[in-house]
Amino acid sequence: MRDTINAAGLALIKKYEGLRLTAYQDSAGVWTIGYGHTGKVDGKAVSKGMTITRVRSEELLKTDVKKFWDYTGLTSYVPVAAALNENQRSALTSFAFNCGQTNLKTLCKDRSISEIGEAILLYNKAGGKVLSGLTTRRKAERELYLTEVTKDMDTLQKGDKGQQVTALQILLNAALGCGLDTDGKFGSLTGAAVEQYQETKGLTVDGICGPKTWGELLGE
């Protein structure tokens, strides 16, 4: 069993939180830094003028994410926790990171595993107004939540179809922000995204998602 969020879930958080190395006030006026960090940094509250390094931001993110990962494993917050797979827990960790543990508890109360996946989409408002950014994030989290976990990933190439292709498209969208349709169909756009990702990682650029490309995408 994993002890923290998987690569796909972490990529979602990084994509939608964004990285800011200088403190800023979020939409609610809360001072924030790094990947959405609002707690203290080295004993100091986040405040105007504070700066951190990229390395420190990664350290803070790791700590923050672990806290919300742990919430998703508590039956007091997620009654069906014991039955969740790693994609479901990782998607809920991203959700909780953004919405907080109280909303996580509300989301999961008296709902089955499948009902939780559908209800994620309801949390796309701030101040009573629907926000496009939240709508997009909730859809991405739901896609990850619904993606089947496969331990031994197949080599994928143009023409392949299925859940593993969907997982690949989710990971590529999170890593590159390329906006692929997560339709489980490996077409030319998915192939081009694989090639782009391989180039960024210094891998052989062939548009085929084999063990080395999967390893990078999954953080193995």
Side-chain angles (χ1 to χ4, degrees), residues 1-20 26-28 30 32-39 57-75 77-81 83-109 111 113-126 130-150 163 166-180 182 217-220:
M1 177 64 67
R2 298 186 65 87
D3 63 359
T4 192
I5 194 169
N6 66 16
L10 185 62
L12 284 181
I13 291 176
K14 285 186 171 183
K15 176 181 177 180
Y16 290 106
E17 292 295 334
L19 174 60
R20 301 277 290 274
D26 66 10
S27 59
V30 178
T32 309
I33 202 166
Y35 292 102
H37 180 76
T38 58
S57 70
E58 294 283 348
E59 294 170 346
L60 293 171
L61 177 62
K62 182 178 180 179
T63 300
D64 290 343
V65 166
K66 183 62 166 62
K67 176 179 70 175
F68 290 107
W69 170 266
D70 289 344
Y71 278 121
T72 66
L74 297 175
T75 54
Y77 284 86
V78 184
V80 296
L84 296 178
N85 64 41
E86 68 176 61
N87 277 342
Q88 290 165 338
R89 275 194 73 178
S90 294
L92 290 180
T93 300
S94 174
F95 172 89
F97 190 98
N98 181 234
C99 298
Q101 64 267 31
T102 300
N103 280 321
L104 172 69
K105 187 173 185 178
T106 302
L107 168 67
C108 299
K109 183 179 180 181
R111 287 192 170 109
I113 289 177
S114 60
E115 289 171 339
I116 291 169
E118 295 304 316
I120 286 174
L121 298 177
L122 301 175
Y123 291 77
N124 64 343
K125 302 178 181 68
V130 174
L131 299 182
S132 60
L134 290 180
T135 298
T136 301
R137 180 170 183 162
R138 296 291 91 84
K139 287 180 178 179
E141 289 165 348
R142 179 178 177 275
E143 286 171 356
L144 177 59
Y145 187 92
L146 297 178
T147 299
E148 180 183 353
V149 174
T150 305
Q163 287 286 349
T166 300
L168 171 62
Q169 290 165 332
I170 290 172
L171 288 166
L172 290 170
N173 281 341
L176 302 174
C178 49
L180 293 172
T182 52
L217 285 164
L218 295 171
E220 296 175 349

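Applying the ring pair (Phe, Tyr, Trp, His ring centres under 6.0 Å) criterion to Tyr145, with sequence neighbours excluded, gives no partner residue. Ala11 pairs by the side chain to side chain contact (heavy atoms under 4.5 Å, CB included) definition with Ala174, not counting sequence neighbours. With sequence neighbours excluded, no residue forms a salt bridge (Lys or Arg N to Asp or Glu O under 4.0 Å) with Lys15. Qualifying side chain to side chain donor-acceptor pair (under 3.5 Å) partners for Ser94, counting only residues two or more places apart in sequence or in other chains: Arg137, Glu141. Applying the side chain to side chain contact (heavy atoms under 4.5 Å, CB included) test to Ser114 and every residue at least two apart in sequence or in another chain returns Ser112. The side chain to side chain contact (heavy atoms under 4.5 Å, CB included) check on Asn124 picks up Val130, Leu134, Thr135, Arg138, with sequence neighbours excluded. The side chain to side chain donor-acceptor pair (under 3.5 Å) test applied to Thr93 returns no partner, not counting sequence neighbours. For Asp26, the salt bridge (Lys or Arg N to Asp or Glu O under 4.0 Å) test picks out no residue, with sequence neighbours left out. Evaluation of the side chain to side chain contact (heavy atoms under 4.5 Å, CB included) rule for Ala140 yields Leu12, Tyr16 as partners, not counting sequence neighbours. For Arg142, the salt bridge (Lys or Arg N to Asp or Glu O under 4.0 Å) criterion is met by Glu118, not counting sequence neighbours. Applying the side chain to side chain donor-acceptor pair (under 3.5 Å) rule to Gln88 yields no partners; only residues at least two apart in sequence or on another chain are considered. Under the side chain to side chain donor-acceptor pair (under 3.5 Å) criterion, Thr182 pairs with Glu143, not counting sequence neighbours.
Atom CD of residue Glu58 and atom OG1 of residue Thr63 lie 11.5 Å apart, to the nearest 0.5 angstrom. Of the inter-residue distances, the one linking Phe68 atom CZ with Phe97 atom CZ reads 6.5 Å to the nearest 0.5 angstrom. Interatomic distance, Glu86 CD to Ile5 CD1, rounded to the nearest 0.5 Å: 10.5 Å. Expressed to the nearest 0.5 Å, how far SG of Cys178 lies from CD of Gln169 amounts to 9.0 Å. The distance from atom CG of Leu144 to atom OG1 of Thr166, rounded to the nearest 0.5 Å, is 11.5 Å. For the atom pair OH (Tyr35) and CG (Leu60), the distance works out to 11.0 Å, reported to the nearest 0.5 Å.
Residues Leu217 and Leu172 have side chains in contact (heavy-atom distance under 4.5 Å, counting atoms from C-beta outward).
Nearest heavy atoms, Leu92 versus Ile120: CD2-CD1, 4.2 Å. Contact record, Cys108 with Pro79: O-CD, 3.8 Å, taken as the closest heavy-atom pair. Across all their heavy atoms, Trp69 and Ser90 have their closest contact at CZ3-OG, 3.6 Å. Closest non-hydrogen pair, Leu84 versus Thr72, comes out as CD1-O, 4.3 Å. Closest approach of Asn173 and Gly179 over heavy atoms only: OD1-N, 3.1 Å.
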### Message
Does Leu61 form a side-chain contact (heavy atoms from CB on, under 4.5 Å) with Leu10? I'd like the steps, not just the answer.
### Response
CA-CA 9 Å; Leu61 177 62; Leu10 185 62; 3.8 Å; yes

### Message
Using the rule given for side-chain contact (heavy atoms from CB on, under 4.5 Å), can you reason through Asp64 versus Ile13, listing the C-alpha separation, both sets of side-chain angles and the distance that settles it, and then say yes or no?
### Response
CA-CA 11 Å; Asp64 290 343; Ile13 291 176; over 6 Å; no

### Message
Between Glu17 and Thr32, is the side-chain contact (heavy atoms from CB on, under 4.5 Å) condition met? List the steps.
### Response
CA-CA 11 Å; Glu17 292 295 334; Thr32 309; over 6 Å; no

